[in-house]
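Single-structure report; data block below.
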Amino acid sequence: MSRRKVFTALAALGWFSLYDACSAVEVNEDGIGQVLLYPYYTVRSSSSGGVLNTLITLGNATDHVKAVRVRFREGAVGAPVADMNVYLGPHDMWTGAVLPDASGAARFLSVDRSCVVPPQVFGIGVLFSNAAYVGDPLSSSVDRTREGFIEALEMGDYGLGSAAAQGSIAEGVQSVAGLPLDCSRAQSDTGAESKPGTGGLFGRAILINVGDGTEFSYPATALSNFNMSRSIWASADTPGPTLADVDPPISVVRSPDLGTIRTQWAQPIDAASAVLMRESISNEFVLDPGTRSITDWVVTFPTKYYYVSAAVNPTRLFKNPLLSNGACEVALPEFDGLIFNRESATVVHQWGSLPPGGYYAARALCWATTVVQFAAGSGDQIRKDTLFGSANPYALTDDYWNPATSTASFVFTNFNFSNFINGWMKIPLHSTDTTFAHYGQSTAGLQHSLVGGATTIFKTDGSTEVRAQVAYYGLPVIGFAAESYTNGTLTIGGQAVLSNYGGLIPHRYTRQIQ
């Protein structure tokens, strides 16, 4: 059989779906990739006053030497506040901690001996900076650095550790008797030895509150095949590389309904956003008074900074510019039937009368990293506790059609008020609902999408569909729900002991691609 006939036969069987996916960025559900996204770090305090620290790990699952850019972004707009280049030997793991600093900022410190640029990361630490956001419509305070999210991008592969040439970067950064041979080689690296990345990174973060006796641990979201065409090495004092370095700008998403969807994009950052696009977020909350349960959700848009910031007004995907109250996207009408208890009961406001609280309202996601905080009770018995004490809360607006009016201090302040002590909630990130059209208004504020170019859909039945373009609905999001419980009756040897417990639940999502 001729080569053309063989290729034609394989294409008809859908075999090329695997081949095509290898040259396109995608979320690796197994947790290993070229890029890692950590949705939250914080050094703020819980409502009890306990201070949080954030510990991170970054591992190399391969027998190659890697150079990785680790970047911390503050949570308000996603502005970078600290950058460093980490060199990992074969099967190496690097660790460090984000800690509060007396200056009011956060500081990153590592006592891990892997080679890092700048070298003061080890022992002294790097103080987070406000330089990237001074002058934007929000506060220029270094306090903004105290919570945010983290990127880790493989800049380049330096080859098999066992085959490292004498005098090379790869030889210098590898461990000999527990210590790198010569980290000065990493300090003088120019990227000349760096080859295209090959993946193999994994990591996690631990949010730990020693005073409260709680810990919340989560794995980083991994992106595979981010850029396998070239090295994206850059010195640690430069802005690159970033999530806009996807090459080629092609995404692969797997949908239970449609199959494997491969889309080409005009802008590389859109390919990174596409693999994280979700139409809605769902998760649980627990506010039981008997255990003084507390629930906070973390909702992070890791690519938002590329679409809206002090220097960029949104032209696609996100809708609203950065103002003094953030860049707010309407995400959930208050009391609209999307909050449920465990027995499926819900609260729906009626347009003939005012909803609970005496106003019509909507919620808005105004930040690159938003923390949804829950309050329980009614009247004077409202209990407002928080695990993370975020300064970037789920905002409230009294004008559903104008999220620019959103504020974190309206009526119920920054807490998502619930009539239920436990249950679950859904946050829509896109909607075409026309409920409000009867009142002469539009729901355009809830419509979010990215339109990609040439798309091939490899269907589950083995057939293939080709489209000139396709729309991905929603917003690019990662995150989790954190819950705590308190046992106030535990005693050991007749003495009451601290007995707090913490748990973490990854968000559940829906996709819509048409």
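Only this structure's heavy atoms are used, side chains among them; waters, hydrogens and symmetry mates stay out. Sequence positions, counted from 1, serve as the residue numbers for this chain.
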Query raised in the report: Knowing that exactly one of Y501, Y40, F388, F480 qualifies, which makes a ring pair (Phe, Tyr, Trp, His ring centres under 6.0 Å) with F216?
Result: F388
**Report entry** Option from F149, F108, Y38 for which ring pair (Phe, Tyr, Trp, His ring centres under 6.0 Å) with F72 holds
**Finding:**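 Answer to the ring pair (Phe, Tyr, Trp, His ring centres under 6.0 Å) test with F72 among F149, F108, Y38: F108.
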Report task. Provide the closest heavy-atom pair for G31 versus F202 in the form atom of the first, atom of the second, distance. Result -> O-CB, 3.6 Å
Query raised in the report: For residues 299-317, which residue pairs qualify under salt bridge (charged side-chain N to carboxylate O under 4.0 Å, His left out), counting only residues two or more places apart or in two chains?
Result: D270-R316
Using 0.5 Å steps for rounding, measure from the [atom1] atom of [X] to the [atom2] atom of [Y].
| X | Y | atom1 | atom2 | result |
| --- | --- | --- | --- | --- |
| I208 | N53 | CD1 | CG | 7.5 Å |
| L223 | Q34 | CG | CD | 9.5 Å |
| Y306 | T303 | OH | OG1 | 8.5 Å |
| L207 | E215 | CG | CD | 9.0 Å |
| I457 | T260 | CD1 | OG1 | 10.0 Å |
| L201 | T62 | CG | OG1 | 8.0 Å |

Query - Within residues 56-130 or reaching into it, pairs that qualify as disulfide (SG to SG under 2.5 Å) - sequence neighbours excluded - result: C115-C183
Query raised in the report: Does some side-chain heavy atom of F301 sit less than 4.5 Å from a side-chain heavy atom of F318?
Result: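 Yes, their side chains come closer than 4.5 Å.
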Would you call [X] and [Y] a salt bridge, taking side-chain N to carboxylate O under 4.0 Å as the test?
| X | Y | value |
| --- | --- | --- |
| D83 | R73 | no |
| E74 | R146 | no |
| R144 | D136 | yes |
| K66 | E154 | yes |
| E329 | K319 | no |

Query raised in the report: Going through the distances and angles, do I56 and T95 end up as a side chain to side chain contact (heavy atoms under 4.5 Å, CB included)?
Result: CA-CA 6 Å; I56 70 166; T95 62; over 6 Å; no
